[in-house]
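Keep in mind that this is a model prediction, so the values were computed, not measured. The chains referred to below are lettered A, B, ... by the order of the sequence lines, with proteins before strands, and numbering in each begins at 1.
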Amino acid sequence: MPRITLPDGLQRTYPEPVTAVEVAADIGPGLAKATLAVEVDGKLRDADFLIRDDAKLRVITERDPEGLQIIRHSCAHLLAQAVKQLFPEAQVTIGPVVEDGFYYDFAFPRPFTPEDLEAIEARMKELARQDLVVSHQVIDRSRAIAFFRSAGEEYKARIIESIPEAEPLTLYSQGDFTDLCRGPHVPSTGRLKAFKLTKLAGAYWRGDSRNEMLQRIYGTAWPDKKALKEYLQRLAEAEKRDHRKIGRRLGLFHFQPEAPGMVFWHDHGWRVYQEIENYIRAQLQSRGYQEVRTPQIIDRSLWEKSGHISKFGEVMFMTQSEEREFAIKPMNCPAHIQIFNQGLKSYRDLPLRMSEFGSCHRNEPSGALHGLLRVRGFTQDDAHIFCTEGQIQDEVSGLIDLVFAVYRDFGFSDVQIRLATRPENRVGSDELWDQAENALRATLEATKLEWSLNPGDGAFYGPKIDFSLRDSIGRVWQLGTIQLDFSMPARLDASYVAPDGSRKVPVMIHRAVLGSLERFIGVLIEHHAGALPLWLAPLQAVVLSLTERQAEAASTVAEILKNQGFRVESDLRNETISLKIREHAMQRVPYLLIVGAREAENRTVAVRTRSGEDLGAMPLEQFLSRLRNEIACRGRNVLEG
RNA sequence: GCCCAUGUAGCUCAGUCGGCAGAGCACUUCCUUGGUAAGGAAGAGGUCACCGGUUCGAUUCCGGUUAUGGGCUCCA
C-alpha cells in the first residue's frame, strides 16, 4: 500500500505497487505525457519506476533542469545508436552530458567526416521520428561483460570491469541498440525534438594523453526548437565578440607565424594596455607595494634550485650562451626572492609587498594557443608578499579587497571564488599544506563571501584562491589568484631576523589580480564587444569637420581636448559626414564631435555617441566636464553599447 | 604534444572535375563641399601559406612542414 507524497504535500495511496508514470497520469494526463523521468525519495529514476513502498515523488519534465540533462543524455544514446547503424564496426565508449549539450566518444578505424556527421544527424532524426520505446533492465556483471565482449564492444567491457562490484548495472535499449547506462532516460526517442550535432574532435580514451585517441562527436540538445535556435543565436553572438576579430578590425594587435603565441601590439591596443597598467600601478601605490623589474633570462641553476625545472621544465624556453644554459623566465617569483635576499631583512620589514609587471614566457603546447587568451609571451600583474605566518590572514583579506575593488572598476560585479587545495604533484610536507590550506579557509570564512572548494587544483608549491568573473554574455573567466607558498622561500634561502634574534623563513604569497594583461584585455574586448569604456578607449573622441571650410575649427577643438589630456583625433577628410560617422562608430570611438558652420560660429560641438545617440550641440567646456565625470566613474556605472 | 579541419588581394570570401586567378569592402587618383551609420567614377593590387612529389603543365592531386581554427591533454 504505497503512500506517495507529491512536492505540494498532497498524498495519494495505492492498494498495490504502481509505476511513477501511472501516478503522474492520475494527477493529469498532460503531466503523464510530459513526464521524462521522476525523482523518488531524492533519486532520479525512469518514468516506469515501480514504487512499492511509501515514497516522495517528483515528476521531472523538460522544464526542470534535470529534465534537460536527461534529454541531452538520451540524445547521446540516440547519437550512438545512429552511429552503430551507419557504421557497425564503430565501438561505443562513453557519452555524457556537458554544458549546453552532450558528446559521445567512438573508436573507429577512420576519421568521421563532416558528411558523416550530416548522415548521422539525419539518422538520429529518423530514429526520433520512429519514437522507439526506451527500456531498461538490471543485469549481472559477468553477463554484462560477456554481452559487450560478444558484441565486439571491447571498450564497454573495460568500462564495466572498472565499475565497483557492488554497483548494480543497467542496460538501456531502444530498437536495435543497447548501452550500459546509469540512467534515467526519456521514455521514448520521440521525446528528443531539438538537437544538432555541432563538432568533431579527437579525445583520449579515459582522458589520458598516453592512451589512444578516440573520435568525439559533440551535439547540443534542447527541450524545443525555439530553445535550440536561441542557443545557436547565442553562439553567433559570442562569435561576433571574438577578440581576435575585433582586435584586427580595430587595429589593436596582431599575431603572425614567425612569433606564435606572442602579441604584436599596435598603437591603439598598446594604449589600452598602458591605461590598464597605469591604473593597476596607482592601485598598488596606494596599498603599500614597491614595484621592481627583474631579468628576462636567468641561469638554469636558479630554476633548478627553485624547483621550476623539475615541475614544469617542459614549458620553459631555454637558451644558451658561452656554454651556460639560461631559462627565459616563466614566472617572477624566484627573481623577487633574489631582491628580497639583498641585505638583511628584519621582521620590521614585513609584510614586504613586491610587485612587477612581469614579462614571462612559457612554451605552451602549440594546440593550446588561442588569441590573447592563451599566449606564450605575456605580462602578469604579479606581486609577491613576504610576511610572517601571523600576517597571512590580514594580507589575504587585503588582497581579496583589492581584487574586488579592481574588478568593480572594470565593470565586473559577478565574481566567483574558489579555494584550490593540494595537487598530486607538489612540493612541501603534508603538515605545511594543512597549515596553508587552513589559513586560506579561515580568511575566506572571515570575509563572509561565498566561495567553493576546488580540490586538487592548487599550485605545486601551495594552495590558492582563484577568482573568476562572469562577462556580459554569461561566460566565466578565471583571472585573479592568491597563492600561499611555504616552500620556495626556504628553497631559495630567504630569511628575516625575528624579534628574538633568530632567523626565520618568511611565508610568500603569490598573487595576480588581472592574471595576464594580454588575457585580461582579450576578456575585456569580448565583454564589451570592442566598445571599451571611455577611460580605456584607445581613442576617446574624434572631431569631424563637416566640410573643408571647418577644417581649422575642428583641428582647434581637437587640440584643446588633447591638451586637456584626452585621446582625441580630428578627421578632416573630404568625405561626407555620414561616412565619417559610420567609420568612427564602427571603430567604437565613444564620442564623435561634429563641427559644421553653426558649431564653428557658436564655438560649440555637436556630440554623438558611438551607439547613435545624438546629444546635440554643446559648448566645449560642457563636453569636457562630461568626459571628466565619465572617466572618474571608470566601469562602475553604465556599460554603454 | 595528439585528433580533425582550414590557409586564395590589406579584410571577408568565391573559384579552378589539372590549362595565364575573381567579387565586395579597403587602398590610390579624379569629380562631388555634402548636417548625423556607405556620394560618384576610374585605377592599382595576388609566387593561390611554405617545401617536395606526380604530370607536357599543379593554386587545384599526393606527401611533408608551418600557422590558424575546433576539440583532447596541459594551463605551474
message: Between B:A26 and B:G1, how far apart are the two C1' atoms, rounded to whole Å?
response: 39 Å
- prompt: What integer number of Å spans the P atoms of B:U32 and B:A44?
  reply: 23 Å
- prompt: A:Arg588 has a side chain; which of B:G69, B:G35, B:A37 sits nearest to it?
  reply: B:A37
- prompt: So do the side chains of A:Ile217 and A:Leu200 get within less than 4.5 Å of each other, counting heavy atoms only?
  reply: yes
- line: Testing B:U33, B:G39, B:G1 for proximity to the side chain of A:Ser366, the answer is B:G1
message: Between B:U12 and B:C74, how many Å separate the two P atoms, rounded to a whole number?
response: 33 Å
task: Test for a donor-acceptor pair under 3.5 Å between the base of B:G1 and the side chain of A:Tyr204, counting only N and O atoms.
output: yes
query: Atom CD of A:Glu575 to atom C1' of B:A37: distance rounded to whole Å?
result: 14 Å
Strand partner of B:U28, provided both Watson-Crick or wobble distances fall under 3.5 Å: B:A42
- prompt: Could you state the CG-P distance from A:Asp116 to B:A5, rounded to the nearest angstrom?
  reply: 11 Å
- prompt: What nucleotide among B:A67, B:A37, B:G39 has an atom nearest to a side-chain atom of A:Leu579?
  reply: B:G39
Of A:Tyr218 and A:Phe112, the one whose closest RNA chain B nucleotide lies more 5': A:Phe112
message: Tell me the interatomic distance from A:Arg216, atom CZ, to B:A5, atom C1', rounded to whole angstroms.
response: 17 Å
query: Over how many whole Å does the gap from A:Ile120 atom CD1 to B:C4 atom P extend?
result: 16 Å
- request: From the options B:C3, B:U33, B:U36, select the nucleotide whose nearest atom is closest to the side chain of A:Arg549.
  value: B:U33
- request: Identify the nucleotide, in any strand shown, that forms a Watson-Crick or G-U wobble pair with B:A9, with both distances under 3.5 Å; if there is none, say none.
  value: none
query: Does any nucleotide pair with B:U55 by Watson-Crick or G-U wobble geometry, both distances under 3.5 Å, and what is it?
result: none
query: Would you say the side chain of A:Arg374 and the base of B:C74 hold a donor-acceptor pair, judged only by whether the two atoms sit under 3.5 Å apart?
result: yes
Heavy atoms of other groups near A:Arg603 CZ, more than 12 under 6.0 Å: no
task: Check the angle between the aromatic planes of A:His528 and A:Phe412 and answer parallel, tilted or perpendicular using the 30° and 60° thresholds.
output: tilted
task: Using a cut-off of strictly less than 4.0 Å, decide whether A:Arg248 has a side-chain nitrogen or oxygen near OP1 or OP2 of B:U68.
output: no
query: Separation of A:Lys580 atom NZ from B:A37 atom C1', in whole Å?
result: 14 Å
query: Does B:G69 have a Watson-Crick or wobble partner in any strand here, with both distances under 3.5 angstrom, and which is it?
result: B:C4
Partner nucleotide, any strand, of B:G34 [Watson-Crick/G-U, under 3.5 Å]: none
message: Taking 4.0 Å as the cut-off, does a side-chain nitrogen or oxygen of A:Arg210 come that near to OP1 or OP2 on B:U73?
response: no
query: Given atom CD of A:Glu599 and atom C1' of B:U36, what is their separation to the nearest angstrom?
result: 11 Å
statement: From the list A:Phe102, A:Phe108, A:Phe106, ring pair (Phe, Tyr, Trp, His ring centres under 6.0 Å) with A:Tyr104 holds only for A:Phe106
- prompt: Can you tell which of B:G70, B:G35, B:G34 lies closest to the side chain of A:Leu546?
  reply: B:G35
message: Is the phosphate of B:G70 approached by A:Lys199 (side-chain N or O, under 4.0 Å from OP1 or OP2)?
response: no
- line: Against the side chain of A:Asn574, the closest entry in B:U32, B:U36, B:A38 is B:U32
message: Under 3.5 Å for both donor-acceptor distances, Watson-Crick or wobble: does B:U60 have a partner, and if so which one?
response: none
message: Looking only at the side chain of A:Ala585 (C-beta and beyond, no hydrogens), which of the listed nucleotides B:A37, B:G1, B:U36 gets closest?
response: B:A37
query: Ring centres of A:Tyr461 and A:His510 under 6.0 Å apart?
result: yes
Among A:Val292, A:Leu492, A:Ile298, A:Thr294, the one residue meeting side-chain contact (heavy atoms from CB on, under 4.5 Å) with A:Gln338: A:Leu492
message: Is the ring pair A:Tyr591/A:Phe623 parallel, tilted or perpendicular, if the boundaries are 30 and 60 degrees?
response: perpendicular
- request: Sticking with atom P, work out how far B:G63 lies from B:U54, rounded to a whole angstrom.
  value: 15 Å
task: Check whether the side chain of A:Glu548 and the base of B:G34 form a donor-acceptor pair under 3.5 Å.
output: no
field: C1' spacing across the pair B:A23 / B:G46, given as an integer number of angstrom
entry: 14 Å
message: On the side chain of A:Arg608, is there an atom forming a donor-acceptor pair with the base of B:A37 - under 3.5 Å, no angle test?
response: yes
- prompt: Would you say the side-chain atoms of A:Thr220 pair up with the backbone N or O of A:Asp100, donor to acceptor, closer than 3.5 Å?
  reply: yes
field: Span that lies between the C1' atom of B:G7 and that of B:A42, in whole angstrom
entry: 33 Å
- prompt: Taking for each residue the nucleotide of RNA chain B bearing the nearest heavy atom, is the 5' side occupied by A:Gly458 or by A:His370?
  reply: A:His370
Rounded distance in Å between the P positions of B:U28 and B:A67: 34 Å
- prompt: When you compare B:G57 with B:G19, how far apart are their C1' atoms, in angstrom units rounded to a whole number?
  reply: 7 Å
